[in-house]
Structures are given as C-alpha cells and as structure tokens.
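Predicted, not measured: the structure shown is a model, and the values here were computed from it.
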Amino acid sequence: MDVEEFDYIILGAGTAGCILANRLSADQGKRVLLLEAGGMDDWIWYHIPVGYLYAIGNPRSDWMFETAAEPGLNGRSLAYPRGKVIGGSSAINAMISMRGQSEDYDHWRQLGLRSWSWKDVLPVFRRLEDHFLGESETHGVGGGWRIEAPRVSWPILDAVRSAAEQMGIPKTEDFNTGDNEGSGYFHVNQKRGRRWSAARGFLKPVLTRRNLELRIGCLVEKLVVSQGRVSGVTYQRDGRRLVGKATREIIICAGAIGSVQILQRSGIGDGSALRLIGVEPTHDLPGVGHNLQDHLQQRAIYKIQNTRTLNETYHNLLKRGWMATDYLFRRRGPLTMAPSQLGIFTRSDRFQERANIQFHIQPLSLDRFGDPLHRFPAITASACNLRPTSRGQVRITSADPTEKPVIAPNYLSTEEDRRVAANAIRVTRALMSQRALQPYRPEEYLPGAAVGDDDESLAIAAGTIGTTIFHPVGTAKMGLKSDPKAVVDDQLRVIGLTGLRIADASVMPTITSGNTNTPTAMIALKAADFILAES
C-alpha cells in the first residue's frame, strides 16, 4: 500500500473538519490531509436553501442511516440523515444557528471540564461568526460562519407568535444570548438567500493553500494503533487501499455516528463486545458508542382556514412558478426557507427551572419527510424535549466499513422523558387555543382530537408522532479519566492514547438546548486552539 506522511490528518470534511482544516493549514509549515467519504458540493440543491427536501434521503448526499426499531416509538424505525459531502450535515441541514443555553456549558464545567463554561465558549462563538446584527458583547463579525435573518414571512407564523405571547412567552429577537426562552424567528446560516455551509465558509476559501490537501471519495477503514499511539489511518479510494501517516495528530471529525464507526473498527471501544464481532481490541474504552442523545420532536399538525400556507402554494403550478422567479431575481421567497422558521422556547410545566422544550413552527404539513405536502392548508408545531434523559447506543456489526451500524437512540425510555413529551403536547394544544389564532380556526389533525389528555394516552401519542430533528450527540463524550464511560478529556484527546483527538458533536457530555450544528462548530474551533497551543 502507498504510504504518505502529513503533520495532521483530519477524518471527515463536515462542519468540524472544514473548520479544523482552515485553522491547522494556516501554518504553511504544516502539511494537512483532509479525508472525506462524500463528494464535492457541486449540486444545485446544496446551495438553494429548500434543497434539503431533495438532499435528505438521497444516497448522493446522505448516509441513509436508520435507527433500530424503537420500543418508545411503538416499534417504529426512523430515517437518520447524516451529510455525505464536503460540509457534512451543514450542507443538508436546517441552517438554524443556535448556541443553546448558558447553563448547558456551565453544567459541562461543573462536570470538571475546564474551559467549557459559558464564559469560556462565548468568545469562541463570537470568533466563528459573521453576524448580521454586527459586533456586540454576544456576536462577532468577520468569521467564516455567516448568519442572517430569514428572507420570507408568513402571517400565520406572526399569529402563532402572538398566541405564544398571550400564554406568557415573551417575544425575542435573538435566541443566542445565553437565555433562549421566548418566541422569535430563527437566524440562519445563509448569505443573500443561499445556504452557507461550513465548506463555503471555512474550507473552500483555503483550498488554494499548497499545504492543504482535500481528498474526496475516501472511506476510512481503521486507525493504525501501536503501543498506545495512533500514528496513521488506512482508507479506500478508487479501489485502492492507502495509508496516511500523521507525524503530529489525527483528528476524527466524522460525527456522532461516523466517529464511533471509525473507533470501533480500529479496535477502540468495549473490548469484549468488539471480539464478538471479530474485531481485535487495540485499546479498551467502554464508553465508545454509548451516551447517544438526540432531540425527539412531537410533530403536531393543525388544519387552518382564512390564510395561506405553503401547502396550497406548492400544489398551484402558477404560484410555484412565481416562487422560482422570486428566488431567481431577488433571492427571496419560499425557496429561501429553512425547514422551520419560527421558534418557541418555553417550559413544559411550571416546575422547570428554565426552558426545556423547543417548538419548530412551519407553515406547511406532510405525513412524513419525503412525502408530498398536504393539499389542505395547515401548520406543523413540533415540540421537542431539549434535555432528554434517555440514552442510546451506536455500534458496528462487523469490521466492514461499508456495513451500516446499529443506531438505537432508546427514545422515551425514561419516565421523565415520557412526562415531558406528554406535557409538550398539552402545551401545543394550549398554544393553538389562544385568542390570536381563533380567526384561523385551528383543527388538530395530529395527534388528533380523539387522543385524550391523560398521561398514558399522550405518551402513546408522542411515540406515534415522534420523530428525530437529527441532533445525535454524545457517543464519545468528554469526561474525567475517573469516568468509566468518558472517551476524551477536556482537551478532546482520546483517553489512554496519544496522537488522536475527536472534535465533533460526539464529544458533548450532555446535549445542548437547541440545534446542535453551531455548538459543533464551536467545539471544532476550540479543538484547533488546543492543537495549535500544543504545537
């Protein structure tokens, strides 16, 4: 096999990998190799915001993972999209820029993780950004992470926001100040109506650097581990097996699913479990693949009257033509829409210390993702538990890198999660009954008026209408060396090995209270700081 030597090798050109490639290659004296299994973002639907409808569920752009049958979802299995292209999931996701709550990061610090409090991470978020609100104590400008206001509005969403205010939920113009309780329009990773992925913001501007090499279509087999040091990686490309040797470090940035696959194929994980599938253990680390957390949303749908939604617009050929024209000439209109436009952060009951549920409100409805929109006017009000207590697992079934892993999120497996899900449906019903929405006569379509208001009925309904918002984290969590399930330390170094770090959503010890892409970007920038400080 051909062997090539680099200073740093980055596995995965998703959000984290693009940022690390940018930062580590800034030193012209260091050679950086970035390996990506997917291809270039040379498809129009990677760049038109509404293109997520075509990219998710398409093997060109999506790994096409599925969960195991979930008992908490009444035996259903869910599609589990992950980006397979430079930019990773930032090339196909909802584009919602959300940091979470300050208490999320202060909790990480309370777990013993130095430099991860809100005070520590806020400057990193600011360095990332090029924010439309301008320079302030909470936002930055000049970074690669472009953030703008949405470029389309819907009267029905304004009415939902007013209904939330009538419930005592304040309006907010910015969810990213540390306290996201309130209702408002999501800020999005776009620039003048086009998706702004991590590849556009961080990778493409530096691909001309001679010391940075991007290789696409590269499927990682395993890491080269010897005497407690990770020194290289074997991978497949165009039918050949290749070896990359790293004189300084290898950084895994393959996400909460992909990073686990690479580690376990390399013999890094629970040694007894790996032997059962024919993988020889190289480093016993029982926490690899455990601690999977995700945001499960209850997709409530309400039929409405007396206003427009995207449903009827989509099914009208003339209006669809106008949407395309509006986008072509003004970069505005429904083609600029993120999957959700209006957000509401509130509490599922009066005993919660801070907002613990998040609504994604959409002026559209469909039976499930990939299906056509309904022909009747409707809105979707999806509420998710921001801090679930259920924990799942990711595990490989063989050493074959083309074999899909078992993904078992274990949704609604705790009494607390079932209670929050039931209460979230109650909050949704209360929201739809407010005076501001009465002119639109909301009629519950899902879960349906026949579903009772008792805890058991609502918990069953939550399992029926529940689906993921695609926020898997935590499968290689940060922790102290005394934690038997910790995988990396607070500098993101894999515990017990040298030459290897992990920098992606898998290292989160607990999930953040909101969409997870921007926290992943922050983690990557901090990882670059750690690496450069050591070098």
Short question: side chain of Glu36, backbone of Gly38 - any donor-acceptor pair under 3.5 Å? yes
Scan residues 360-381 for pairs that pass salt bridge (charged side-chain N to carboxylate O under 4.0 Å, His left out), counting only residues two or more places apart or in two chains. Arg368-Asp371
List the residues meeting side-chain hydrogen bond (donor to acceptor under 3.5 Å, both in side chains) with Tyr445, not counting sequence neighbours, and say none if there are none. none
Looking at every non-hydrogen atom in both residues, tell me the closest pair between Pro363 and Gln341 and how far apart they are. CD-OE1, 2.7 Å
Partners of Gln298 by side-chain hydrogen bond (donor to acceptor under 3.5 Å, both in side chains), sequence neighbours excluded? none
His360 and Ile469, any side-chain heavy atoms less than 4.5 Å apart: yes
Listed once per pair and sorted, the ring-ring contact (aromatic ring centres under 6.0 Å, His included) pairs that draw on residues 266-297, sequence neighbours left out: His295-His471
As an exercise, state the distance from OG of Ser382 to CD1 of Ile344, rounded to the nearest 0.5 Å. 11.5 Å
Can you give me the closest heavy-atom contact between Ala527 and Ala503, atom names plus distance? CB-CB, 3.6 Å
Ignoring hydrogens and angles, tell me if any N or O in the side chain of Arg82 forms a donor-acceptor pair with the backbone of Ala254 under 3.5 Å. no
Do Ser365 and His374 meet the criterion of a side-chain donor-acceptor pair at a distance under 3.5 Å? yes
CG of Leu446 to CD1 of Ile465, rounded to nearest 0.5 Å, is 6.5 Å
With sequence neighbours excluded, residues passing salt bridge (charged side-chain N to carboxylate O under 4.0 Å, His left out) with Arg60: Asp42
Atom OG1 of Thr468 and atom CD1 of Ile407: how far apart are they, to the nearest 0.5 Å? 10.0 Å
In terms of heavy-atom contacts, Pro401 and Leu219 come closest through CB-CD2, 3.9 Å
Provide the full list of side-chain hydrogen bond (donor to acceptor under 3.5 Å, both in side chains) pairs with a residue in residues 70-80, sequence neighbours left out, each pair given once. Asn74-Thr464, Tyr80-Asp294
Tyr54 vs Ile44, test: side chain to side chain contact (heavy atoms under 4.5 Å, CB included). Steps then yes/no. CA-CA 10 Å; Tyr54 304 95; Ile44 189 172; over 6 Å; no
Can you check whether Leu113's main-chain N or O pairs, donor with acceptor, with Asp490's side chain at less than 3.5 Å? no
For Asn306, side-chain hydrogen bond (donor to acceptor under 3.5 Å, both in side chains) partners two or more places apart: none
Ring geometry between Trp63 and Phe65 (parallel below 30°, tilted from 30 to 60°, perpendicular above 60°): parallel
Can you check whether Asp504's main-chain N or O pairs, donor with acceptor, with Thr520's side chain at less than 3.5 Å? no
Going through the distances and angles, do Thr307 and Trp154 end up as a side chain to side chain contact (heavy atoms under 4.5 Å, CB included)? CA-CA 9 Å; Thr307 191; Trp154 297 85; over 6 Å; no
Glu103: salt bridge (charged side-chain N to carboxylate O under 4.0 Å, His left out) partners, not counting sequence neighbours: none
Looking at every heavy atom in both Ile216 and Arg237, which two are closest together, and how far apart are they? O-NE, 3.2 Å
Taking every non-hydrogen atom, the tightest pair across Ser266 and Val225: O-CG2, 4.5 Å
Note: Glu66-Lys404 ion pair, threshold 4.0 Å (strictly below): no
Exercise: identify the closest heavy-atom pair between Gly479 and Ala486: CA-CB, 3.6 Å
Check the side chains of Asp454 and Ser457 for a donor-acceptor pair under 3.5 angstrom, ignoring hydrogens and angles. yes
Whether Gln434 side chain and Ala430 backbone form a donor-acceptor pair below 3.5 Å: yes
Residue set satisfying side chain to side chain contact (heavy atoms under 4.5 Å, CB included) with Asp104, at least two apart, ordered chain then number -> Gln101, Arg354, Arg387, Thr512, Ser513
Going by side-chain hydrogen bond (donor to acceptor under 3.5 Å, both in side chains), name the residues that satisfy it together with Glu312, two or more places apart in sequence or in a different chain. Thr309
Checking Arg265 side chain against Glu221 main chain: does a donor-acceptor pair fall under 3.5 Å? yes
Looking at Gln264 and Leu274, would you say the former's side chain and the latter's main chain have a donor-acceptor pair under 3.5 Å? no
Hey, could you give me each pair passing salt bridge (charged side-chain N to carboxylate O under 4.0 Å, His left out) that has a residue in residues 416-427? Not counting sequence neighbours. Glu415-Arg418, Arg426-Asp453, Arg426-Asp455
Should Ile86 and Met40 count as side-chain neighbours, where that means a heavy-atom distance under 4.5 Å? yes
Worked check of side chain to side chain contact (heavy atoms under 4.5 Å, CB included) between Asp158 and Tyr185: CA-CA 9 Å; Asp158 294 334; Tyr185 291 94; 2.4 Å; yes
May I ask you to decide if the ring planes of Tyr46 and Trp43 are parallel, tilted or perpendicular, using 30° and 60° as cut-offs? perpendicular
Do His315 and Leu373 make a side-chain contact, defined as non-hydrogen atoms from C-beta onward lying under 4.5 Å apart? yes
Derivation of the side chain to side chain contact (heavy atoms under 4.5 Å, CB included) call for Arg391 and Asn291: CA-CA 5 Å; Arg391 297 292 183 268; Asn291 194 47; 3.3 Å; yes
Could you check whether Asn517 and Ser90, counting side-chain N and O atoms only, form a donor-acceptor pair closer than 3.5 Å? no
For Arg320, which residues count as a side chain to side chain contact (heavy atoms under 4.5 Å, CB included) partner, sequence neighbours excluded? Tyr314, Leu317, Met323
Between Tyr302 and Glu444, do the side chains contain a donor N or O and an acceptor N or O under 3.5 Å apart? yes
From Asn423, Asn356, Asn385, residue fulfilling side-chain hydrogen bond (donor to acceptor under 3.5 Å, both in side chains) relative to Ser348: Asn356
Could you tell me if the side chain of Pro339 sits less than 4.5 Å from the side chain of Met95, heavy atoms only? yes
Tell me whether the count of non-hydrogen atoms from other residues, nucleotides or ligands lying under 6.0 Å of CZ in Arg395 goes above 12. no
Can you tell me which residue among Asn93, Asp41, Asn189 is in a side-chain hydrogen bond (donor to acceptor under 3.5 Å, both in side chains) with Arg195? Asn93
Could you tell me whether the side chain of Glu443 reaches within less than 4.5 Å of the side chain of Arg441, counting heavy atoms only? no
Drop me the distance from Glu181's CD to Ile357's CD1, to the nearest 0.5 angstrom. 10.0 Å
About how many Å separate CD of Gln293 and OG1 of Thr389, when rounded to the nearest 0.5 Å? 9.5 Å
To the nearest 0.5 Å, atom CD1 of Ile252 lies from atom CD1 of Ile10 at 12.0 Å
